[in-house]
Amino acid sequence: MQQHHRATQPACRAAEVASRPAESNPDAEVFIRRRAPEGLPDQPCGAMQFVVPQSEDNKPRNILEEIVWWKAVEIARMKERLPLARLMMQLKAAQPARDFIGALRGAQARIGKPGLIAEVKKASPSRGVIQPNFDPVRIAQAYEAGGAACLSVLTDAKYFQGSFEYLQQIRAAGVGTPLLCKEFIVEAYQLFKARASGADAVLLIAAVLPNADLAYLVKASAKCSLQVLVEVHSVAELERVLKLELDPERVMLGINNRDLQTFEVDLQNNQRIMDSSAGKEVQKRGFLMAGESGIFTPEHVAFVQQTGCGAILVGESLVKEGDPEQAVKKLLSIA
Ligand SMILES: O=P(O)(O)OC[C@@H](O)[C@@H](O)c1c[nH]c2ccccc12
């Protein structure tokens, strides 16, 4: 699979990236390999059952890789509990999807600030438990009352303590803002599960998915009426994503300002990417851009806005507050 991912890059570029340490090359793409959580299996060869030794390289190289390797197990279990045929019946019965991107653009036009995607997030690998007193429905209702245009709901169970059920519960409680399913999506089954649970949009992470997979999953999303947020975290990734044919009415882009290896947040990353020629092209082609992660203050919001982002994705700074409604109002400077 690693070979497959690398093969989507020109050979010289891949070699160049591989030979430079990641720290000195902020634009290096993160190539997520796909393996079972225990790595590649032992390779017995011959009657003596001689085993080719496992190398260090057979462990996840970063948290994103670890999460993605575990996904394979999680998806297999989900399919056992809910086979595809039954999931497709749920999908048919789902309520029509809402216009996620339209809601963000509408809010931006109304308030003159980036449209807010407020995240319902209990925990994360970098922060541990952020909100021990976690009630997803109460938080979602408070975000909506505070003026969030859209919500993002973490569904990853093992690393973020999320659940697809939270999407259902939030919808069932009458929350009307469009919902993003925040998941590490690697196959279409997860898209169907997201839509059947009430999501209106899904996240696709460029660092996880080569362009061939992105193209397929974007198409499959459109088939089940899901809009898409494609997340990049470097200029190189943005350049790659822009090679795809994407409809700005159905696909928006996001810049994750959190480094996937160190977890450090740097809002300058947002500026650097938006100022690049790929960043300019994004704006020319009319894509809505979201700045993601590490946004804590109205000053941060203003900074991300002046880089050219019409949306922001905010989790920790809102979810850790006892009164998330006030936290939203404070962040957007709504009296
Ligand atoms: O809690 P923060 O720093 O405001 O970040 C929110 C969001 O950007 C972050 O949760 C996120 C961005 N991309 C992701 C991909 C998967 C899981 C989580 C994320």
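When a ligand or atom number is given, it counts from 1 through the structure's own listing order. Counting begins at 1 with the first residue of the sequence.
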Is there a heavy atom in [X] that sits closer than 4.0 Å to ligand 1?
{"X": "Arg127", "value": "no"}
{"X": "Phe184", "value": "yes"}
{"X": "Gly294", "value": "yes"}

Report task. With atom 11 (C) of ligand 1 as the reference point, say which of Glu292, Lys182, Lys320 has the nearest heavy atom. Result -> Lys182
Within ligand 1, which atoms have a heavy atom of [X] less than 4.0 Å away?
{"X": "Val314", "result": "4 (O)"}
{"X": "Leu203", "result": "15 (C)"}
{"X": "Arg258", "result": "3 (O), 5 (O)"}

Query raised in the report: Is atom CD of Glu165 surrounded by more than 12 heavy atoms (other residues, nucleotides or ligands) closer than 6.0 Å?
Result: no
Query raised in the report: If you round to the nearest 0.5 Å, how far is CD of Glu292 from CD1 of Ile117?
Result: 7.0 Å
Report task. Sorted by first residue and then second, give each ring-ring contact (aromatic ring centres under 6.0 Å, His included) pair with at least one member in residues 269-307; sequence neighbours left out. Result -> none
Starting from [atom], locate the nearest protein heavy atom and write down its residue, its atom name and how far away it is, to 0.1 Å.
{"atom": "atom 6 (C) of ligand 1", "answer": "Glu119 OE2, 3.5 Å"}
{"atom": "atom 17 (C) of ligand 1", "answer": "Phe160 CZ, 3.5 Å"}
{"atom": "atom 5 (O) of ligand 1", "answer": "Ser293 CA, 3.4 Å"}
{"atom": "atom 4 (O) of ligand 1", "answer": "Gly315 N, 2.7 Å"}
{"atom": "atom 13 (N) of ligand 1", "answer": "Glu231 OE1, 2.6 Å"}

Requested in this report: Would you check whether Glu316 has a nitrogen or oxygen atom less than 3.5 angstrom from a nitrogen or oxygen atom of ligand 1?
Outcome: yes
Requested in this report: Give a yes or no on whether the backbone of Ile101 and the side-chain of Gln227 come within a donor-acceptor separation of less than 3.5 Å.
Outcome: yes
